2 protein chains.
Amino acid sequence: MSWKRDRPEHPRGYHHGNLKEELVRAALGLIGEKGPNGFTFAEAARLAGVSPAAPYRHFRDRDELLADVATRGFLAFEAALTRAWDQGRPDPETAFQRLGRAYLAFAHDEPAYYSAMFEAGVPLDASPELRAAAERAFAALRQSAEALIALLPQGKRPPALMMALHIWAMSHGIAALFGRADGGRRPLPMSAAELLEAGTLIYLQGLGIGGDGPASDD
Amino acid sequence: MSWKRDRPEHPRGYHHGNLKEELVRAALGLIGEKGPNGFTFAEAARLAGVSPAAPYRHFRDRDELLADVATRGFLAFEAALTRAWDQGRPDPETAFQRLGRAYLAFAHDEPAYYSAMFEAGVPLDASPELRAAAERAFAALRQSAEALIALLPQGKRPPALMMALHIWAMSHGIAALFGRADGGRRPLPMSAAELLEAGTLIYLQGLGIGGDGPASDD
DNA sequence: GCCCCCATGTTAGCGCTCTTTACATGAGCT
DNA sequence: AGCTCATGTAAAGAGCGCTAACATGGGGGC
């Protein structure tokens, strides 16, 4: 039959053995190549070397596979952010810039995950696991914001939640608008990472954190 | 035939007369209801009361219709931003906040346009008109940034392009993450508009614009 | 050690969309 | 009045999502 690999790399019998994982890998590849909509249940099955109906033994439908990819994405995302923050060492400002770079690096290096998480239109409550994973990722961001805010004297501290949302929005905005590998939409005078770094510095400056005066040109 | 309206509202003969416009309207409705992917060429044709092949007389394919919608969106967007900016009256800071609110209002009130423009994956060079319209919209944003920067003393002026990109990124980030009508993804302690307004104020503060000087100034 | 269960895979098929090709209609110019 | 060509329709092929009925064989219960 035409859907079968001519020479399966790992010859198998009737049962695949690890189809669910392989479907996720295939989905990641397809989403990365052709966007979250170019991804097709049937084509993922083809890549995995099984019939078009086989995926339905592991996922209720296409959306459930997408939600699974998004969940794994949020888990990896949270790990990357937590690793970058590294408990605020050596100091919160430095760690925070590292966090920003990690955000963009994730969006850039794992476009398939990032698409599934933020651009595929997967509803957050597609599964409890998805919501929990997304929550944990945001919590990592928020914790960093709290550590930075603790640098300010009491009475000049903005709400940590708001600050986290601002940073998230700017990061996501830069990633979505300018962070793509192909630079499809607009040529920039600077890299996305530099843009975010500068924006974060200015924002923190506005809060009274870091530097020794307002930003100026060089 | 089943695709035909049982009782066309505006009875017509063999020729529709204004199909292109009606297809665009149908597309807007569908995108608004079901997202940029829920939109279907065939269904737009059904809404317009014509056969599934008729749209191909007006658009090469589904993507060209989407690109046309995006182009119209950018034109409307630029008009909304320019109107909000109102040449910086009564003063640039006030006008700038109005601009931000207009950005979010557009994303909120015209989700179909906004989706087609930024979330449907339409490549900017799908048509020269699209690119030109997008360019003009960004130019409006950049002009406002320039007017604001002019408030700063020379030597403390950041590049206007960078500032425009920052504001755009934050606006788009907030719109994409929190600006949806259904609030699908995350409950906020404040409205998207308030969030953007606060973020913009903090950012401008960091540049030394507005309020009574940077927060670090005492 | 055998057998049967059922998780996992396949085949076949329905209904849908996208797109192309060949044909039909009629509005407007001459 | 007659022609032309833009604009519509019908028909058809390919691909996809999903379901139902059937096939296979790995592993647990005996």
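Side chains included, hydrogens not; waters and symmetry mates left out as well; all remaining heavy atoms used. In what follows, every chain begins at residue 1, and chains take the letters A, B, ... in the order their sequences are listed. All of these numbers come straight from a predicted model, not from anything done at the bench.
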Look at the side-chain N and O atoms of B:His58 and state whether any lies under 4.0 Å from the OP1 or OP2 oxygen of D:dG8. yes

Grab the CG-C1' distance between B:Leu47 and C:dT17 for me, whole Å please. 15 Å

For D:dG15 and A:Arg46 - does any side-chain N or O of the residue sit under 4.0 Å from the phosphate oxygens OP1/OP2? no

Any salt bridge between A:Arg72 and A:Glu129, counting N to O under 4.0 Å? no

Whole Å only: how far is the CZ atom of A:Phe59 from the P atom of D:dT19? 15 Å

Should A:Arg25 and A:Glu21 count as an ion pair when the cut-off is N to O under 4.0 Å? no

B:His166 side chain to A:Gly199 backbone, donor-acceptor under 3.5 Å: yes

In this structure, how many angstroms lie between the P atom of C:dC18 and the CG atom of A:Asn37, rounded? 13 Å

Minimum-distance nucleotide to A:Tyr56 side chain [options: D:dA10, C:dT19, D:dC18]: D:dC18

Output the rounded distance in Å from CG (A:Leu66) to P (D:dC18). 11 Å

Between B:Leu65 (CG) and C:dC18 (P), how many Å, whole number? 11 Å

Calculate, to the nearest 0.5 Å, the distance between atoms CG and CG belonging to A:Leu161 and A:Leu141 respectively. 10.5 Å

Just compare C:dG9, D:dG17, D:dC18 and give me whichever is closest to any side-chain atom of A:Leu19. C:dG9

Whether A:Arg57 contacts C:dG9 is assessed here as follows: a side-chain N or O lying under 4.0 Å from the phosphate OP1 or OP2. Is that the case? no

Do the charged groups of A:Glu43 and A:Lys34 touch, with an N to O distance under 4.0 Å? yes

In whole Å, what is the span from the CZ atom of B:Phe41 to the C1' atom of C:dC18? 9 Å

With respect to the phosphate group of C:dC18, does any side-chain polar atom (N or O) of B:Thr40 fall under 4.0 Å of OP1 or OP2? yes

Residue whose nearest DNA chain D nucleotide is more 5′ - A:Glu43 or A:Ala53: A:Glu43

Rounded to whole angstroms, how far apart are CG on A:Leu30 and C1' on D:dC16? 14 Å

Taking any heavy-atom pair under 4.0 Å as a contact, classify A:Ala54: base, sugar-phosphate, or nothing. base

